[in-house]
There are 2 protein chains.
Amino acid sequence: MEQPSRLAGTVRPGGRTARVRAAVLDATQDILVEHGFHGLTMDQVAARAGVGKTTVYRRWGSTPRLVADLMKELANQSSPHADTGDVECDLLANAVSVWEAVTDGRLGATLQAVIAAATCDEEAADALRTFFARRIEEWATVVDLAVKRGELPEGTDGGELIRAISAPLYYRLVVTREPVTRWDAERSVSRTLAAARAGAFVP
Amino acid sequence: MEQPSRLAGTVRPGGRTARVRAAVLDATQDILVEHGFHGLTMDQVAARAGVGKTTVYRRWGSTPRLVADLMKELANQSSPHADTGDVECDLLANAVSVWEAVTDGRLGATLQAVIAAATCDEEAADALRTFFARRIEEWATVVDLAVKRGELPEGTDGGELIRAISAPLYYRLVVTREPVTRWDAERSVSRTLAAARAGAFVP
DNA sequence: CGGTTAACGGGACCCCTATCCCGTTAGTGG
DNA sequence: CCACTAACGGGATAGGGGTCCCGTTAACCG
């Protein structure tokens, strides 16, 4: 149930271990797409990945921790954003990437699974917090640059602005469960930008 | 597993049935507060409510449907909002009521449970959609009144404005899992209002 | 290339949860 | 007040997910 102790003996991160990890994480994502988080069992993951059930339990312990590990893996594949020199373009790129992530079957299913897992597992919640903290921080830089260029008021809080852009999209996805369209992404950008230009993001 | 057929024979909504329903829903909420949705089992609900396990299965069938029913019950207790004659006041009241709902142990636990249940059960998802659709519609009226008074631009979309106010709060609660404060509620109002005054909510 | 041992795999076991059967209780209508 | 039956309750059963034990495999190191 615990991650195996790394204190006694030597670690072996070599070939087989890495192969097993990849197979298990892949199988997990497949099952999430097909059955969602509620339909994810250690049993199925093991069978699908072609590994022993015991192995999955030993290394991950539970489905929430499995999903948390998957999220950490995806967090590392974070694609760097473009900096076009125009805030509206940059922020639209951000909103659209959120929309795509949420719409895309594979990534969307994983995101929703982590959100579900986070409600019952602190490790999954941490993975989620870390993931978004990093994403927000990355995108906040384009706001800072826009402030330097004079496109937005001095002192505009970049992190809060980025949050404000994706919030309506996730709100529709998870809370009100309304369809999320590209149109929603575009409107969120223009609305948030209107508030920002009016100085609403300056504390 | 199905709701018992109401076609053959007579329905008996009288004393005992209503008492059982109330006891079960109460027990459900208690368990949600203590253990969350993942720790909710039909067994515990039955035991806690002091009713037969069979009864709970017969009338609700699963925990997501139990939670969905609880949500419908709470939706009917929807408290009407005040209309102070000042948009900012009204919207602040809205944001604060969301903040309180999310912060309050009992209601907050239930809300998060329904959100979790909605990811794996269509009935729970429906309950959620219905609940929010109604709430949004109710509060949208204060926006319409403000437009009539000339406080906001003609054509402002009330529903979207209300969504925009609560979105950041739920976003923090469910997605980024950051703490939600009254300060967040206040900022959300002022930012959304700034965008609205700039005409960002006029299609 | 061969010994050492971390890591994996198969299968038996166990507990918890869902389901079923049937006897009992108590609303309902006359 | 009585017959009727919808709805409830207890207990026995079964199925599936999780745990454990121990033999096997293959990475690491000299």
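In this text the structure is predicted, and so the values were computed from the model without any measurement. Chain identifiers are assigned alphabetically (A, B, ...) following the order of the sequence lines, protein sequences preceding nucleic acid strands; residue numbering begins at 1 within each chain.
- Contact annotation: the side chain of L193(A) approaches that of R197(A) to within less than 4.5 Å [non-hydrogen atoms, C-beta and beyond].
- Per the geometry, CZ belonging to R59(A) stands 8 Å off P belonging to dA7(C), to the nearest Å.
- Between D121(B) and R65(B), no side-chain nitrogen of the basic residue sits less than 4.0 Å from a carboxylate oxygen of the acidic one, so the salt-bridge criterion is not met.
- Across the protein-nucleic acid pair, R19(A) atom CZ and dA27(D) atom C1' stand 10 Å apart, rounded to whole Å.
- Considering only side-chain N and O atoms, T17(B) lies nowhere under 4.0 angstrom from the phosphate OP1 or OP2 of dA7(D).
- A straight line from CZ of R21(B) to C1' of dA6(D) spans 18 Å, rounded to a whole angstrom.
- The CE atom of M42(A) sits 14 Å away from the P atom of dG9(C) (whole-angstrom rounding).
- The salt bridge (charged side-chain N to carboxylate O under 4.0 Å, His left out) test applied to R21(A) returns D69(A), E73(A), not counting sequence neighbours.
- In terms of modelled atom types and a separation under 3.5 Å, the side chain of T28(A) and the main chain of V24(A) share a donor-acceptor contact.
- Using a 4.5 Å cut-off on side-chain heavy atoms (C-beta onward), N94(A) and D90(A) make no contact.
- Direction of the helix axis in the helix from dC1(C)-dG30(D) to dG30(C)-dC1(D) shifts by 50° between the two five-pair termini, rounded to 10°.
- For the residue pair D144(A) / T141(A), no side-chain donor-acceptor distance below 3.5 Å is found, with atom types taken as modelled.
- Taking 4.5 Å as the limit, every side-chain heavy atom of E137(B) sits out of range of all side-chain heavy atoms of I162(B).
- Side-chain atoms of T55(A) do not come within 3.5 Å of backbone N or O of V51(A) as any donor-acceptor pair.
- Atom CZ in R58(A) sits about 14 Å away from atom C1' in dG18(D), given to the nearest Å.
- Using a 4.5 Å cut-off on side-chain heavy atoms (C-beta onward), W99(B) and W183(B) make no contact.
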Quick test: give all pairs of protein nitrogen or oxygen and nucleotides 10-13 of chain C nitrogen or oxygen below 3.5 Å, distance rounded to 0.1 Å.
residue	atom	partner	partner atom	Å
dG10(C)	O6	T54(A)	OG1	2.6
dG11(C)	O6	T54(A)	OG1	3.4

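- Atom-to-atom, CZ of R16(A) to P of dT24(D) comes out at 14 Å; the value is rounded to the nearest Å.
- Rounding to whole angstrom units, CD of residue Q44(A) and C1' of dG18(D) are separated by 14 Å.
- Atoms OH (Y57(A)) and C1' (dA7(C)) sit 18 Å apart, rounded to a whole Å.
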